[in-house]
Amino acid sequence: MSTRSIALANQKGGVGKTTTSVSLAACLAEKGHRTLLVDLDPQGNATSALGQEKLPGGSVYNALLGGTALADSIRPSGFGNLDLIPSEVDLAVAEVDVARTENYLQRFHGALAPIQQAGTYPFIVVDCPPSLGILTMNALAAVERVVVPIQCEFFALEGLAVITRVLRQIRDSGANPGLDLAGIVMTMYDGRTNLAQQVADEVRRHFPEKVFETVIPRTVRLAEAPSHGKPIIAYEPHSAGATAYRLLTDELLGKLNGVGG
């Protein structure tokens, strides 16, 4: 089976991107799919959310500069079927160092290729930084699909316009002609507020084929899980957040397999 690669990207912070990356990866693993989560964010929140340490030299940094094989950075996450390439402090200077290299947009693609070709992981999930810098661009140049988490707030559509334009530019430039938007997922949704409902309606109107039916609720348990070093399905497996992410995973698998859009 070929490897499916998915990046979680949004240039805005605080939209549930890392929570969604960790939760999707954990849900795929729970379903029996061996999954690799790559923490490409210098903040390393996905690494912490799995209870892992940010060890010096453990990230993608050296592989991006051609110093080591990316596979050497893979380590167990502590959860079945889920492995991790962690983040660490060195990644903060990668934006500058990678920009000085040849083919700077293709560094992650080249580093990831041997892992994809090995076929060990049916799924690779990449948690991008909350920016549209070199690291995010490298992720977008390397993966098949992008999932964009958005918070249901006033500026959501403005942010979506920016990232969809960037995806189009990545395709049109030839950096990744096959890049596709797998879908937009609405996070931290509070159905009791008029604003959340209005934003959700607007997003669906502008992107009718690309919005996941599943919405991720705003819950205390989802907010607590990272501080315990566990994905929500391990921290509170029967919570509303865990249920929502399992449904989102099913929906994503359907889209990847050509079912339902």
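Values below: all heavy atoms of this structure, side chains included; hydrogens, waters and symmetry mates excluded.
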For [X], which residues count as a side-chain contact (heavy atoms from CB on, under 4.5 Å) partner, sequence neighbours excluded?
X: Asp83; value: Arg34, Leu36, Ile74, Pro76, Tyr121
X: Val93; value: Tyr61, Asp97
X: Val199; value: Cys152, Ala156, Leu195, Val203
X: Arg168; value: Arg165, Arg171, Asp172

In the single-linkage hydrophobic clustering (I, L, V, M, F, W, Y; side-chain heavy atoms under 4.5 Å), do [X] and [Y] co-cluster?
X: Leu157; Y: Val215; result: yes
X: Ile232; Y: Val15; result: no
X: Val146; Y: Val211; result: yes
X: Ile163; Y: Met186; result: yes
X: Met188; Y: Ile184; result: no

Contact summary for [X] and [Y], nearest pair of heavy atoms:
X: Ile85; Y: Ser59; result: CG2-C, 4.4 Å
X: Ala94; Y: Leu135; result: CB-CD2, 4.1 Å
X: Gln43; Y: Lys54; result: O-NZ, 3.0 Å
X: Leu82; Y: Ala29; result: CB-CB, 3.9 Å
X: Ser21; Y: Val125; result: O-CG1, 3.9 Å
X: Ala142; Y: Ser5; result: O-OG, 4.1 Å

How long is the gap from [atom1] on [X] to [atom2] on [Y], to the nearest 0.5 Å?
X: Thr19; Y: Asn45; atom1: OG1; atom2: CG; answer: 8.5 Å
X: Asp41; Y: Leu91; atom1: CG; atom2: CG; answer: 8.0 Å
X: Gln52; Y: Ser87; atom1: CD; atom2: OG; answer: 13.0 Å
X: Ile170; Y: Asn176; atom1: CD1; atom2: CG; answer: 7.5 Å
X: Ile216; Y: Ser23; atom1: CD1; atom2: OG; answer: 7.5 Å
X: Leu8; Y: Leu37; atom1: CG; atom2: CG; answer: 8.5 Å

Mind checking what makes side-chain hydrogen bond (donor to acceptor under 3.5 Å, both in side chains) contact with [X], not counting sequence neighbours?
X: Ser77; answer: none
X: Thr18; answer: Asp127
X: Lys12; answer: Glu153
X: Asn138; answer: none

Original post:
Between Thr47 and Asp39, is any side-chain donor less than 3.5 angstrom from a side-chain acceptor?
Top reply: yes
**OP:** Return yes if a side-chain donor-acceptor contact under 3.5 Å exists between Glu251 and Thr214, otherwise no.
**Re:** yes
Any donor-acceptor N/O pair, [X] side chain to [Y] backbone, under 3.5 Å:
X: Thr187; Y: Ile150; answer: yes
X: Arg145; Y: Leu179; answer: no
X: Gln151; Y: Gly16; answer: no

Anything under 3.5 Å between a donor and an acceptor, one on a side chain of residues 107-119, the other on a protein residue two or more places apart or in another chain? List them.
unit_1, atom_1, unit_2, atom_2, d
Arg107, NE, Leu64, O, 2.8
Arg107, NH1, Glu102, O, 3.3
Arg107, NH2, Leu64, O, 3.3

**OP:** Sequence neighbours left out, what passes salt bridge (Lys or Arg N to Asp or Glu O under 4.0 Å) with Asp250? Give chain and number order.
**Re:** Lys31
**OP:** Report, as yes or no, whether the 6.0 Å neighbourhood of atom CD on Glu53 holds more than 12 heavy atoms from other residues, nucleotides or ligands.
**Re:** no
Original post:
In this structure, are over 12 heavy atoms from other groups packed under 6.0 Å from Tyr104 atom OH?
Top reply: no
Which atom pairs, one a donor and one an acceptor, fall under 3.5 Å between side chains of residues 241-248 and the rest of the protein, sequence neighbours left out?
unit_1, atom_1, unit_2, atom_2, d
Thr243, OG1, Ser239, O, 3.0
Tyr245, OH, Thr20, OG1, 2.7
Arg246, NE, Glu30, OE1, 2.9
Arg246, NH1, Pro237, O, 2.6
Arg246, NH2, Glu30, OE2, 3.0

Subject >> Salt-bridge contact Asp180-Lys210 (side-chain N to carboxylate O under 4.0 Å) >> reply: yes
Original post:
Do Ile6 and Leu252 come close enough that some side-chain heavy atom pair is under 4.5 Å?
Top reply: yes
Original post:
Pairs in or reaching into residues 208-243: which pass ring-ring contact (aromatic ring centres under 6.0 Å, His included), with residues at least two apart or in two chains?
Top reply: His228-Tyr235
